Number of protein chains: 2
Amino acid sequence: MINCDQWPNSAHTFVSIRDKSDILFYETGINVAKSASKDSPQSIAREVARLILTGVWREGTTLPREIELASRFDVSRASIREALSLLKGKGLIASKQKAGTHVRARFDWNMLDEELLNWTLAALPTQEFAKQITEVRRIVEPEACAICAVRGTDEDFARIERAYRGMDAAGMDRVAYAEPDLQFHRGILIATGNDFLIAFGATVAAALRMSFNLSSTNPGAPRKSLPYHRAVLDEIWARNADGARQAMHKLMDLTEQNIVSAMSRQKK
Amino acid sequence: MINCDQWPNSAHTFVSIRDKSDILFYETGINVAKSASKDSPQSIAREVARLILTGVWREGTTLPREIELASRFDVSRASIREALSLLKGKGLIASKQKAGTHVRARFDWNMLDEELLNWTLAALPTQEFAKQITEVRRIVEPEACAICAVRGTDEDFARIERAYRGMDAAGMDRVAYAEPDLQFHRGILIATGNDFLIAFGATVAAALRMSFNLSSTNPGAPRKSLPYHRAVLDEIWARNADGARQAMHKLMDLTEQNIVSAMSRQKK
DNA sequence: CAAGAATTATTATGTCAGACATATTTCCTC
DNA sequence: GAGGAAATATGTCTGACATAATAATTCTTG
């Protein structure tokens, strides 16, 4: 049995929603009830993850038996097992023979996993989620940027430059802007040559997706970040670590500002 | 098909070993050849992961067919599928009907996953791995420490204090020292209340395990970090963010120093 | 005749069903 | 309360069929 009481539940986590107004929107809603068409193991995994993330199945909860899940989702037990395997790989659940499958302690969940981030974003796009993901970005990206400026190759820089041009070319088109924006930030992480910072790209991707969703109330916002990206790029080209760090910091400031104002708009 | 050529392989990654002397040791070696006893899906997943991490199966490589893997590991296809599901959950591989299962681009691997970190540590404890994991710790932990000092509750601090006492009580016993050491660092991350920083605990755990392994050549090294931990704790209790950041920075300096010297000793 | 389009065949993963093995829990007995 | 037996949920195996992407073939056409 997982030791859940060693650490108390931290009071401020986005997983437990106290106020419904915390939730910004529910787009890409996954059908809670069984859908008519048979679900694939992936979508079953996503649905089970949603139930865990939203706190319907709390930490330590024993899930329904595999056979029951199978009949509930109208698939074979093999498909259920595949779905559960995926979630085991992300640290969400663990199984023991006879004892059943239970939800692991939240501290064991790998929140930096790409899919888990996306599922969380879809299920619980709360202010807490936004605050926390912005906080880690602030910690990691400026430093990554400084490392990039020192260690990156000219090829790396050229790739980031291409991403920047893509953003510029997108103009006011929010959709076209999003992809090169991600490539820009990812390019910096990749240029560090640090596999762990590179893996952090999944978190950045989720954060940018969130920003993109929020920008629907202010379509002009993304474009305003362009000169800040340019500043970052210039410092990188100059191989100025401190300058790159500061420039990225300013970009993070702007991003946070956009998120905060978008969320206050959404609340109204 | 995964687009592998959009980003070139970064030259400096621990996954591709250029020099055998880079590898420090091979403990907890997983049997490459089929073992006499039947392997569980978990151990099969670990073995497949090892083959991928060590570059035997490179990015884009198509894995042997499931039936072939089943006969090679002497288990049923169902077990193989479960093992592969786990690896899919970590972004290592992806399958497509008829086309087969292939190794995804390294940028999609979730290196911040606990198990993946452990497998990497077991399979490729290279200098690069040590350097990179230390680099992210330097970025994340001092900032987390500063946040902890500001935002943490007295309960959080008490828990960290308990961990410290555990380290103290362990004396020169390396093994007894390791667990409270991890709890100390994890306690700081948990006190931030940031679920993403908490998830970073898996990376810290892997780093500490590596340090522990390396300390076999210098059993007195861990104990020397005790006063540095005390300094961190004092700054936290004082709710001094800057002080806490700096104290953690010094602890990181010492840790890195220990790793570097241990690795140079190992090389000889 | 050759190039290309459309069709068929092949094949590896995806899904299903039923059975048995195994490890815990639970309950019963002493 | 301790020890043993029954119950049960996950773990594993087998064999089969479904499905989709690829490879091979045939057919059409310039």
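Fair warning: this is a prediction, and the values are worked out from it, not measured in the lab. So you know, we letter chains A, B, ... as the sequences are listed, proteins then strands, and number each from 1.
In this view, A/Phe157 and A/Trp237 satisfy the ring-ring contact (aromatic ring centres under 6.0 Å, His included) rule, not counting sequence neighbours. The side-chain hydrogen bond (donor to acceptor under 3.5 Å, both in side chains) test applied to A/Arg58 returns no partner, not counting sequence neighbours. Scored by the ring-ring contact (aromatic ring centres under 6.0 Å, His included) test, B/Phe184 finds B/His229 as partners (sequence neighbours excluded). With sequence neighbours left out, B/Tyr164 forms a ring-ring contact (aromatic ring centres under 6.0 Å, His included) with no residue at all.
The CD1-P distance, from A/Ile80 to C/dT15, rounds to 11 Å in whole Å. If you take NE2 of B/His102 and P of C/dT13, they are 11 Å apart, rounded to a whole angstrom. The distance between atom CD1 of A/Ile67 and atom P of D/dA7, rounded to the nearest whole Å, is 16 Å.
No salt bridge links B/Arg104 with B/Glu59; every basic N to acidic carboxylate O contact stays at or beyond 4.0 Å.
For B/Arg65, no side-chain nitrogen or oxygen approaches OP1 or OP2 of C/dT11 to under 4.0 Å. Applying the 4.0 Å criterion to OP1 and OP2 of D/dG11, one finds that B/Ser79 has every side-chain N and O outside that range. Regarding contacts with the backbone of D/dT10, a side-chain N or O of A/Thr101 is found under 4.0 angstrom from either OP1 or OP2.
Going from atom CD1 of B/Ile80 over to atom OG of B/Ser85 covers 11.0 Å, rounded to the nearest 0.5 Å. The structure places CG of B/Leu53 at 5.5 Å from CH2 of B/Trp109, a figure rounded to the nearest 0.5 Å.
Of all heavy-atom pairs spanning A/Ala207 and A/Arg137, the tightest one is CB-CD, 3.5 Å.
Axis angle between the ends of the helix from C/dC1-D/dG30 to C/dC30-D/dG1, five pairs each and rounded to 10 degrees, works out to 0°.
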Between the protein and nucleotides 20-26 of chain C, which nitrogen or oxygen pairs are less than 3.5 angstrom apart?
residue, atom, partner, partner atom, Å
C/dT22, O2, A/Gln97, NE2, 2.1
C/dA23, O4', A/Gln97, NE2, 3.1

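The side chain of B/Glu66 lies closest to C/dT13, out of D/dT12, D/dT10, C/dT13.
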